[in-house]
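Predicted, not measured: the structure shown is a model, and the values here were computed from it. Sequence positions, counted from 1, serve as the residue numbers for this chain.
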Amino acid sequence: MMKKTYILDGNQLLERQNAFTFLKQNLFLPDYSSDNLDSLYDCLTEFYQGDSFIIINADRMKNDSFSSKLLNVIIKASQQGGYNLLVLD
């Protein structure tokens, strides 16, 4: 299977509903995934082994309660899910 690179813009991940809409569209999450961090973690650790994620404008995410939790989920999932992660401020 061909490995993919996903670029996530921290500016698009600040507000909860916008973030999940952006992630579903850009990561092609399954229809059954819920708009919560636990479901996102499960999808990230199951479907993206060997792929690469680049998060740009990550500094914007660090000052917001929801988006900082989202960033932590993506980082933790990369450690368990076997995908490459590059976080850029």
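For the atom pair Arg16 CZ and Ser67 OG, the distance stands at 11.5 Å (nearest 0.5 Å). Expressed to the nearest 0.5 Å, how far CD of Gln12 lies from CD1 of Ile7 amounts to 13.0 Å. Here the straight-line distance linking atom CD1 of Ile56 with atom CE of Met61 works out to 11.5 Å at 0.5 Å rounding. One distance of note links CG of Asn18 with CG of Leu13; it measures 9.5 Å at 0.5 Å rounding.
A side-chain hydrogen bond (donor to acceptor under 3.5 Å, both in side chains) check over residues 78-89, counting only residues at least two apart or in different chains, returns the pairs Ser52-Asn84, Lys62-Asp89.
Residues that satisfy the side chain to side chain donor-acceptor pair (under 3.5 Å) test with Asp42, not counting sequence neighbours, are absent from this structure. For the side chain to side chain donor-acceptor pair (under 3.5 Å) test, no residue two or more places apart in sequence or in another chain qualifies with Asn72. The ring pair (Phe, Tyr, Trp, His ring centres under 6.0 Å) search around Phe22 returns none, not counting sequence neighbours. With sequence neighbours excluded, the residues that form a side chain to side chain donor-acceptor pair (under 3.5 Å) with Gln17 are Asp35. When the side chain to side chain donor-acceptor pair (under 3.5 Å) test is applied to Thr45, no partner is found at least two apart in sequence or on another chain.
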Query raised in the report: Leu85 and Ile74: side chain to side chain contact (heavy atoms under 4.5 Å, CB included), yes or no, with the steps?
Result: CA-CA 9 Å; Leu85 177 63; Ile74 295 170; 4.1 Å; yes
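Transitive grouping of hydrophobic side chains (ILVMFWY, heavy atoms separated by less than 4.5 Å) keeps Ile54 and Leu44 in distinct clusters. Taking hydrophobic clusters as Ile, Leu, Val, Met, Phe, Trp and Tyr residues chained together by side-chain heavy-atom distances below 4.5 Å, Phe53 does not share a cluster with Leu86.
Shortest non-hydrogen contact noted between Lys3 and Gln49 is NZ-O, 3.4 Å. Taking all atoms of both residues into account, the shortest heavy-atom contact from Phe47 to Pro30 is CE1-CG, 3.8 Å. Among all heavy-atom pairs drawn from Arg60 and Leu14, the shortest one is NH2-CD1, 3.2 Å. Taking all atoms of both residues into account, the shortest heavy-atom contact from Ala58 to Ile55 is CB-CG2, 4.0 Å. Taking all atoms of both residues into account, the shortest heavy-atom contact from Cys43 to Ser33 is SG-CB, 3.7 Å. What you find for Asp59 and Asn63 is that their closest heavy atoms are O-ND2, 3.9 Å.
Relative ring orientation between Phe20 and Phe66 is described as tilted, the plane-to-plane angle lying within the 30° to 60° band.
Looking at heavy atoms from C-beta onward, Tyr6 lies out of side-chain contact with Asn26 at the 4.5 angstrom threshold. Between Leu29 and Leu40 there is a side-chain heavy-atom pair separated by less than 4.5 Å.
The closest donor-acceptor contact from the side chain of Ser68 to the backbone of Asp64 lies under 3.5 Å. When atom types are taken as modelled, the side chain of Asn57 and the backbone of Asn11 share no donor-acceptor pair closer than 3.5 angstrom. Formation of a donor-acceptor pair under 3.5 Å by the Tyr48 side chain with backbone atoms of Leu27 is found in this model.
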